[in-house]
Amino acid sequence: MDVSFSHFIQQVLSNPALTVTTLLTLGVIFVNGWTDAPNAIATCVTTRCMRVRSAVIMAAIFNFLGVFLMTQFNASVASTISNMVDFGGDTNSALIALCAALFSIVVYSVGASLLGIPTSESHSLIAGLSGAAIAIQGGIGGINMGEWVKVLYGLVASIVIGFGMGWIVCKLVTIICAGMDRRRANGVFTYAQIVGAAAMSFMHGAQDGQKFIGVLFLGMAFCNGQSSVAGVVIPVWLMILCSTIMGVGTSVGGERIIKSVGQDMVKLEKYQGFAADLSSALCLLLMTVLGIPVSTTHTKTSAIMGVGSVRRLSAINFGVVRDMMLTWVFTFPGCGLISFLMAKLFMFVF
């Protein structure tokens, strides 16, 4: 399989389905960087460790590094996404179905936004791929349950491990620093939280960037007449392309998202912000190494709740928990159904 950049450009210019797939994938990566990446720096900004613009620039840089470096050393998340579904041996139909899956993500995200339903690009991607695979295979035979079960692990892990690590790290910090002067401690944690936010941004890129690299790589394989990407190494130029797009998207991240995650859920002090960033980054690192795709937003949210619960459970805004549950309830069947119908329509028309 030729994975050179020049060959990819030739294919994009000659194959409309790959052109649309590429544009949609890069568009979703950009939106992910725009809407999800600010979550990584939300606590750093709301505890006044960094100014918004400086934090956004830092997040953009570390998002880029996370996608690029982590994919070179461990591309297991991208592999999980690429092998999660089976589009069959007809690669032309498979590419059309993949295009429909990505288009359905856009349709679902816009519709959910208008209806006020919380969304997750990660879960929309998984649901979209699954719906299209079921459509083209005529049943659940299009789902590779050995890989898809990792999604279920991720749903549990993003809540349980994220919350647990947040509680443990925050508790350890309070015990270790119990005798420290408050002003001196705040000075230390100001810098520590900047490091934690950088780590969180890095792991956001490593997780979410790999998911979409896996999709675009799958589209390239279909265009080359291959039904899978097993045994093929992801090219460096693809890592650079996706990481650059995510970094650009992050650079235009908004203050509204930062306020929503960092302030509305639970009021944090500097040491708590550090604990939330460090624990969520460690959780994402573990999931990435294991090849388990998780929502970075839900992982960070759970870590913040774990930190807040060290003092009292009433410090947590459980409305945010409700939104997370609604995301799961609506996204998988909703986006999956739209993708199924879109794939059937696309295959009929094209």
Side-chain angles (χ1 to χ4, degrees), residues 1-30 67-68 70-106 125-126 128-138 141-144 146-148 208-246 291 293 339 342-350:
M1 173 176 166
D2 188 348
V3 293
S4 65
F5 181 69
S6 59
H7 184 64
F8 170 72
I9 294 299
Q10 291 175 2
Q11 289 180 316
V12 168
L13 295 176
S14 61
N15 191 316
L18 182 62
T19 303
V20 175
T21 297
T22 301
L23 291 175
L24 287 173
T25 304
L26 295 180
V28 174
I29 292 173
F30 179 86
V67 181
F68 181 60
M70 198 67 183
T71 307
Q72 291 198 71
F73 291 108
N74 188 316
S76 53
V77 171
S79 176
T80 297
I81 294 297
S82 298
N83 297 314
M84 183 178 294
V85 292
D86 179 9
F87 285 96
D90 185 347
T91 54
N92 288 326
S93 296
L95 185 58
I96 292 172
L98 181 62
C99 181
L102 290 165
F103 187 72
S104 70
I105 296 171
V106 176
L125 173 64
I126 293 165
L129 292 175
S130 301
I134 292 173
I136 196 171
Q137 291 284 58
I143 305 297
N144 181 355
E147 294 293 325
W148 211 94
D208 283 20
Q210 279 200 44
K211 293 167 189 165
F212 297 106
I213 284 177
V215 173
L216 193 50
F217 199 37
L218 195 59
M220 291 170 57
F222 292 159
C223 203
N224 277 280
Q226 293 190 204
S227 58
S228 75
V229 292
V232 184
V233 178
I234 298 173
V236 173
W237 66 262
L238 182 58
M239 303 177 199
I240 294 175
L241 174 64
C242 293
S243 55
T244 300
I245 296 296
M246 179 171 282
S339 180
M342 286 286 182
K344 288 290 189 184
L345 176 63
F346 276 36
M347 288 185 289
F348 176 76
V349 173
F350 301 106

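Starting from 1, each residue takes its place in the sequence as its number.
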Counterpart residues, ring-ring contact (aromatic ring centres under 6.0 Å, His included), relative to F68 (two or more places apart): none

So, Q210 side chain and N74 main chain: donor-acceptor pair closer than 3.5 Å or not? yes

Please report the interatomic distance OG(S6) to CD(Q11), rounded to the nearest 0.5 Å. 10.0 Å

Residues two or more places apart in sequence or in another chain: which of them pass side chain to side chain contact (heavy atoms under 4.5 Å, CB included) with Q226? M1, A221, V232

Would you sort out whether L241 and L26 count as a side-chain contact (heavy atoms from CB on, under 4.5 Å), showing the intermediate values? CA-CA 9 Å; L241 174 64; L26 295 180; 4.1 Å; yes

Gap between atom CD1 of I213 and atom CE of M70 - 0.5 Å precision: 12.0 Å

Shortest non-hydrogen contact from A132 to A343? CA-CB, 4.0 Å

Going from OG on S76 to CD1 on I81, what distance comes out if it is rounded to the nearest 0.5 angstrom? 11.0 Å

Test applied, side chain to side chain contact (heavy atoms under 4.5 Å, CB included); reference residue, L102; option that passes from T25, L129, T22, V20: T25

Taking it one step at a time, do I96 and N92 satisfy side-chain contact (heavy atoms from CB on, under 4.5 Å)? CA-CA 6 Å; I96 292 172; N92 288 326; 5.6 Å; no

So how far is it from I134 CD1 to S339 OG, rounded to the nearest 0.5 Å? 9.0 Å

Distance-minimising heavy-atom pair for G142 and Q137: CA-CG, 3.6 Å

Side chain to side chain donor-acceptor pair (under 3.5 Å) partners for S79, two or more places apart: N83

Would you say S82's side chain and G214's backbone share a donor-acceptor pair under 3.5 angstrom? yes

Parallel, tilted or perpendicular for F5 and W237, by the 30°/60° rule? perpendicular

Search all heavy atoms of L238 against all heavy atoms of M220 and return the closest pair with its distance. CD2-SD, 4.2 Å

Criterion side-chain contact (heavy atoms from CB on, under 4.5 Å) on L216 and I29, from CA distance to verdict: CA-CA 11 Å; L216 193 50; I29 292 173; 5.9 Å; no

Nearest 0.5 Å, what's the SG-CG distance between C99 and N15? 9.5 Å

Quick one: closest heavy-atom pair of P16 and S14, and the distance? CD-O, 3.6 Å

Within the 4.5 Å heavy-atom criterion, are N144 and V85 side-chain neighbours or not? no

Where do V28 and L125 land on the side-chain contact (heavy atoms from CB on, under 4.5 Å) test, with the steps shown first? CA-CA 9 Å; V28 174; L125 173 64; over 6 Å; no

Smallest heavy-atom separation, M342 atom then S104 atom, equals CG-CB, 4.2 Å

N/O donor-acceptor pair under 3.5 Å between S243 side chain and V67 backbone: no

Which residue pairs pass the salt bridge (charged side-chain N to carboxylate O under 4.0 Å, His left out) test with at least one member in residues 209-236, sequence neighbours excluded? D208-K211

With sequence neighbours excluded, tell me which residues meet ring-ring contact (aromatic ring centres under 6.0 Å, His included) with F217. none

Rounded to the nearest 0.5 Å, how far apart are CG of D90 and CD1 of I136? 6.5 Å

Which pairs with one or both residues in residues 70-93 pass ring-ring contact (aromatic ring centres under 6.0 Å, His included), sequence neighbours excluded? F87-F222

Atom of A133, atom of I143 and distance for their closest heavy-atom approach: CB-CD1, 4.5 Å

